Structure formats: C-alpha cells, structure tokens
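The block underneath contains the structure these notes are about, expressed in structure tokens.
In this chain, numbering begins with 1 at the start of the sequence shown. Quick caveat: nothing in here was measured; it's all calculated off a predicted structure.
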Amino acid sequence: MNSRLHVPLGLPAPILAFILGLILSGAMTTGPVAADDDAPATPDGVPTYIVKDGQVDKGTYNGFRRFHSVCHTCHGFDASGSSFAPPLVDSLKRLDYDQFKEVVINGRQNQGATGDKVMPSFGLDPNVVMHLDDIYRYLKARADGALPGGRPQRLGG
C-alpha cells in the first residue's frame, strides 16, 4: 500500500503545524484503518461498506453527508458528474484506494480537449481529510452498484 503523503513546500508555518497535528493525532492517516462495526475495512485495511436492504453502515452514511457537503458541487449529485468534473461513480471503478487518496489530498491537473481540468487539493481541508475513508466508502458503494442514488438510510438508525 502506498503511504506517501505529499505536503506542498513553502506553506506558512501555521498550516504546516496544522498538518503535522492532523498526522500526529491520527486524524490524517495514510495507512490501513483498523476495522470495527462502524468502520468496515477489507483484510488489507482498505475501507469498505455495508449495504443491507438499502441501508448503509455509519461510515458510508457519513461519507454520503461529507460528499454532499463538499464534493457534489463539482462532481454532481450522487457523484454522477457535471460539466465541471467527471462522474466519480465511473472513476471509482478504475481508481484504487491509494490512487483516490492521492488525487483528493494532492489534487490533479489534466490537459483536456477543452483546456485544463483541475481537481484542487483537499489535503488541508479537515472536512475532507478527516473523513476521507468514509467518502471513499460512499463512492465505492455507488461505483459498485450496491447503493442507488439518493439519501441512504443508516443501518439501525
């Protein structure tokens, strides 16, 4: 598993201190996450989801909430894409967990037929970084076809 975290050079000291604090607190993890009932993971530590009768685990539900608070403005409602950004329900069929983290944390710039396409870095946004595993769970469930569009219901809630 790739556990590199790229921190842009030349950042102001308070921002570097914030990033270091996230890393040291464990909130900004780059390795496997311990699995429990609220945070399912594969045996090799990759976040996964639970969908039963249309209801989802707590982490996947949180990923839905976080995605719709930050990401949907560009990637479209239910991760179905927009004129600004691709559908993540398709992207997560190709990207593995480490590639997903790399793009979200560090951003990406591609040359397209209509000009530059830029995914900004969210490596300094605690609303994204601290919930990255849950966002991945939600998007992976959507990409795998296990979760239809719309607001999911939480298991047991």
Would V128 and L95 show up in the same hydrophobic cluster when neighbours are defined by side-chain heavy atoms closer than 4.5 Å?
no
Does D78 reach the main-chain N or O of G150 with its side chain, forming a donor-acceptor pair under 3.5 Å?
yes
Where do Y138 and V56 land on the side-chain contact (heavy atoms from CB on, under 4.5 Å) test, with the steps shown first?
CA-CA 9 Å; Y138 165 70; V56 298; over 6 Å; no
Side-chain donor-acceptor pair under 3.5 Å between Y61 and R151, yes or no?
yes
Approximate separation, where rounding is to 0.5 Å, of H68 NE2 and I135 CD1:
11.0 Å
M119 side chain reached by V103 side chain, heavy atoms, under 4.5 Å
yes
Criterion side chain to side chain contact (heavy atoms under 4.5 Å, CB included) against H75, the qualifying member of P87, S82, P86
P86
If only atom types and distance count, is the side chain of K140 paired as donor or acceptor with the main-chain N or O of T48 below 3.5 Å?
no
Could you report the tightest heavy-atom contact between T60 and R137, atom names first, then the distance?
OG1-CB, 3.6 Å
Check the pair D90 / R94 against side-chain contact (heavy atoms from CB on, under 4.5 Å), numbers first and verdict last.
CA-CA 7 Å; D90 294 338; R94 296 183 311 276; 4.3 Å; yes
Counting distance only, does the side-chain N/O of S91 pair as donor-acceptor with the main-chain N or O of L88 below 3.5 Å?
no
Indicate yes or no: at least one non-hydrogen side-chain atom of F122 is less than 4.5 angstrom from one of N127.
no
Mind listing the closest non-hydrogen atom pair of P152 and L147 along with its distance?
CB-CD1, 4.0 Å
Spacing of NE2 belonging to H72 relative to OG belonging to S80, to within rounding of 0.5 Å
10.5 Å
Using a 3.5 Å distance criterion without hydrogens, assess whether the side chain of R154 forms a donor-acceptor pair with backbone atoms of K58.
no
Got R142 and L92 here, is their nearest side-chain heavy-atom distance under 4.5 Å?
no
Here the gap from Q153 atom CD to F64 atom CZ, rounded to the nearest 0.5 Å, amounts to 9.5 Å
Give a yes or no on whether V70 and V89 share a hydrophobic cluster (residues Ile, Leu, Val, Met, Phe, Trp, Tyr; joining criterion: side-chain heavy atoms under 4.5 Å apart).
no
Looking just at side-chain N and O atoms, do D44 and T42 make a donor-acceptor pair shorter than 3.5 Å?
yes
Any donor-acceptor pair under 3.5 Å linking the side chain of D57 with the backbone of I50?
yes
Could you tell me which non-hydrogen atom of A146 sits nearest to which non-hydrogen atom of P148, and how far apart they are?
O-CD, 4.1 Å
For the residue pair F100 and L139, what are the closest heavy atoms and their distance?
CE1-CD1, 3.7 Å
As a quick check of understanding, evaluate side-chain contact (heavy atoms from CB on, under 4.5 Å) for V104 and Y136, giving each step before the final call.
CA-CA 10 Å; V104 175; Y136 179 81; over 6 Å; no
